[in-house]
Amino acid sequence: MRKGSFSALRILERAFSLRKAHSIKDMENTLQLVRNIIPPLSSTKHKGQDGRIGVVGGCQEYTGAPYFAAISALKVGADLSHVFCASAAAPVIKAYSPELIVHPVLDSPNAVHEVEKWLPRLHALVVGPGLGRDDALLRNVQGILEVSKARDIPVVIDADGLWLVAQQPALIHGYRKAVLTPNHMEFSRLYDAVLRGPMDSDDSHGSVLRLSQALGNVTVVQKGERDILSNGQQVLVCSQEGSSRRCGGQGDLLSGSLGILVHWALLAGPEKTNGSSPLLVAAFGACSLTRQCNHQAFQKHGRSTTTSDMIAEVGAAFSKLFET
Ligand SMILES: NC(=O)C1=CN([C@@H]2O[C@H](COP(=O)(O)OP(=O)(O)OC[C@H]3O[C@@H](n4cnc5c(N)ncnc54)[C@H](O)[C@@H]3O)[C@@H](O)[C@H]2O)[C@@H](O)CC1
Ligand SMILES: Nc1ncnc2c1ncn2[C@@H]1O[C@H](COP(=O)(O)OP(=O)(O)OP(=O)(O)O)[C@@H](O)[C@H]1O
Ligand SMILES: [Mg+2]
């Protein structure tokens, strides 16, 4: 190798390691903000006080996704976790877990009312895991989103909930208590629908920032090799070590965890997040936790790792990241 190209390589290596050190420091600072929003365990609290979460999703085809989301909210620390699903999915989800409260209402003609009557008792909704794309169900979910917004309930929107938002961005435009958690495909579909053009794949920070701004500063979490999070003002990157195992359901773990973290973050407020947006801090917490669960499960199970193995790691991963 020529001398000039050798020193250029050294400079590049140094720049890379400085950037890495900088991003590790940023990650640690943001993890500290997540720690600040976690409510202390206390013997004086009553059931429900640390969070009651509702998951809206689950149809004939998909029963795993709403289960993963709802059980993850409980494992992270919610006291009660409800699932509002289509009637065909309910007995299956109930059979997975006695810990979930399951309402077979989503395909009923009164679906919006059936969910709305529970809203005064819920702190946050996770809308979309395993919802499917049936028009009648999506119309009901549109109504549920409208009544939830009217009551100022925080909503995490994932999976087929994002399909609905791509059809009707006005549904959540400007709603500051919404967080969207698109995967690669969901992000490009949303970007196309909202910004009326393909995203620039060489500028993922800019794309996430622009999508959030175009949606009226709704918080957007683009999941991927690195998760990129923005509220249209600030951009955070989560590159917590995970693994190369990409089994289905990991996004459901993320959206369910985020449901409870969003509630905790809003309760704690910006004083506890050092002026950063509570929703961004919550989203950073859920991304780090999901990736840490993936890392720990992969250490034990390698290629056979599934989302159930990751859920079994939630307790240890939470302690490692947030209870140090
Ligand atoms: N056990 C279950 O019940 C599960 C159900 N699921 C549900 O399945 C439904 C459809 O979800 P999908 O995520 O398949 O959504 P889509 O139907 O939009 O498909 C996304 C597609 O993008 C591909 N993709 C993902 N990341 C990519 C990347 N980085 N580059 C290129 N392609 C990429 C995936 O292979 C998938 O085929 C949702 O309701 C979802 O909740 C999933 O959550 C997985 C688990
Ligand atoms: N290439 C990758 N490397 C490391 N982590 C990744 C990678 N892609 C996604 N992840 C992580 O996996 C988790 C789920 O993201 P993913 O893109 O699989 O969501 P999803 O497609 O919605 O999942 P689901 O199957 O639940 O619908 C996120 O925490 C994300 O950070
Ligand atoms: Mg998904």
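In listed order, ligands and their atoms are each counted from 1. In this chain, residues are counted from 1 in sequence order.
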Flag the pair Phe318 / Ile38 as yes when at least one side-chain heavy-atom distance between them is below 4.5 Å, and no otherwise.
-> yes
Work out whether the distance between some heavy atom of Gly224 and some atom of ligand 1 is less than 4.0 Å.
-> no
Considering non-hydrogen atoms only, spot the tightest contact between Leu215 and Pro169 and give its length.
-> CD2-CB, 4.1 Å
For Asn183, atoms of ligand 2 separated by under 4.0 Å from a heavy atom | 17 (O), 19 (O), 20 (P), 21 (O), 22 (O)
the protein heavy atom lying closest to atom 2 (C) of ligand 2 turns out to be Glu225 CA, 3.3 Å
Below 4.0 angstrom from a heavy atom of Thr290, which ligand 2 atoms are there? Numbered from 1 as shown, please.
-> 29 (O)
So which heavy atom in the protein is nearest atom 10 (C) of ligand 1, and how far is it from that ligand atom?
-> Tyr62 OH, 4.0 Å
Taking only heavy atoms of Pro129 into account, list the atoms of ligand 1 that are under 4.0 Å away from them.
-> 41 (O)
May I ask you to identify the nearest protein heavy atom to atom 22 (O) of ligand 1, giving residue, atom name and distance to one decimal place in Å?
-> Met185 CG, 2.7 Å
Just distances here: any N/O of Glu186 and N/O of ligand 2 closer than 3.5 Å?
-> no
Ligand 2 atoms in contact with Asp252 (distance to a heavy atom under 4.0 Å) = 26 (O)
Ligand 1 atoms nearer than 4.0 angstrom to some heavy atom of Gly130 are 39 (O), 40 (C), 41 (O)
Nearest heavy atom to atom 7 (C) of ligand 2 wins, so pick from Gly248, Cys247, Gly224, Pro182.
-> Gly224
Look at atom NZ of Lys75 and say whether more than 12 heavy atoms of other residues, nucleotides or ligands are closer to it than 6.0 Å.
-> no
Side chain or backbone of Arg246 under 4.0 Å from ligand 2, or both, or neither, by non-hydrogen atoms?
-> side chain
Working to the nearest 0.5 Å, report the span between SG of Cys238 and CG of Asp26.
-> 12.0 Å
Looking only at heavy atoms, what is the nearest atom pair of Ile260 and Gly51, with distance?
-> CD1-CA, 3.8 Å
Examine ligand 1 and decide if any of its atoms is less than 4.0 Å from a heavy atom belonging to Arg189.
-> yes
Near Asn183 (heavy-atom distance under 4.0 Å), the atoms of ligand 1 are 13 (O)
Is the count of non-hydrogen atoms from other residues, nucleotides or ligands lying under 6.0 Å from Glu225 atom CD greater than 12?
-> no
Atoms of ligand 1, numbered as shown, that sit under 4.0 Å from any heavy atom of Leu131 = 39 (O)
Which atoms of ligand 2 are found less than 4.0 Å from any heavy atom of Leu254?
-> 28 (C), 29 (O)
Atom 25 (O) of ligand 2 has as its nearest protein heavy atom Gly249 N, 2.8 Å
Note, Thr181 side chain near Leu254 side chain (heavy atom, < 4.5 Å) | yes
The closest protein heavy-atom partner of atom 39 (O) of ligand 1 is Asp160 OD2, 2.4 Å
Mind running salt bridge (Lys or Arg N to Asp or Glu O under 4.0 Å) on Lys47 and Asp79 for me, showing each step along the way?
-> CA-CA 6 Å; Lys47 180 181 70 181; Asp79 287 340; over 6 Å; no
Which residue and heavy atom of the protein sit nearest atom 30 (C) of ligand 2, plus the separation | Asp227 OD1, 3.3 Å
Within less than 4.0 angstrom of ligand 2, does Gly242 place any heavy atom?
-> no
Arg210/Asp203 salt bridge by N-O under 4.0 Å criterion = yes
Rounding to 0.5 Å, atoms CD1 (Ile228) and NE2 (His205) come to a distance of 5.5 Å
Closest non-hydrogen atom pair, Asp309 against Ser304 = OD2-O, 3.6 Å
Nearest protein heavy-atom contact for atom 26 (O) of ligand 2: which residue, which atom, what distance?
-> Gly251 N, 2.8 Å
Tell me which one of Ala159, Gly161, Cys59 gets a heavy atom nearest to atom 40 (C) of ligand 1.
-> Ala159
side-chain contact (heavy atoms from CB on, under 4.5 Å) between Met310 and Phe298, intermediate numbers included = CA-CA 8 Å; Met310 288 171 56; Phe298 189 77; over 6 Å; no
Contact bool for atom 22 (O) of ligand 2 (protein heavy atom, d < 4.0 Å) = yes
Output yes when a protein non-hydrogen atom is found under 4.0 Å of atom 14 (O) of ligand 1, and no otherwise.
-> no
Atom 16 (P) of ligand 1: of His184, Glu186, Glu61, Arg133, the nearest heavy atom sits on Arg133
Is atom 37 (O) of ligand 1 in close reach of the protein, with a heavy atom under 4.0 Å away?
-> no
Please examine the side chains of Tyr62 and Asp160, heavy atoms only from C-beta on, and report whether any two atoms are closer than 4.5 Å.
-> yes
Is there side-chain contact between Leu164 and Leu171, with heavy atoms separated by less than 4.5 Å?
-> yes
Sub-4.0 Å protein heavy atom next to atom 43 (O) of ligand 1 = yes
Arg35 bridged to Glu28 by N-O distance under 4.0 Å | yes
Around atom 1 (N) of ligand 1, find the nearest protein heavy atom and jot down its residue, atom name and distance.
-> Gly64 CA, 3.7 Å
Using the side-chain hydrogen bond (donor to acceptor under 3.5 Å, both in side chains) rule, pick out the option among Gln292, Arg226, Arg291 that qualifies with Gln240.
-> Gln292
Side-chain touch Val179/Val262, heavy atoms, less than 4.5 angstrom = yes
Atom 34 (C) of ligand 1 protein-contacted (non-hydrogen atom, under 4.0 angstrom) = no
Answer side chain, backbone, both or neither: which part of Thr307 comes under 4.0 Å from ligand 1, heavy atoms only.
-> neither
Indicate yes or no for a side-chain donor-acceptor contact from Ser212 to the backbone of Gly232 under 3.5 Å, with no hydrogens or angles considered.
-> yes
Considering His295, Met310, Lys223, which one's heavy-atom position lies nearest to atom 19 (O) of ligand 2?
-> Lys223
Answer with side chain, backbone, both or neither: which part of Ala65 has a heavy atom less than 4.0 angstrom from an atom of ligand 1?
-> both
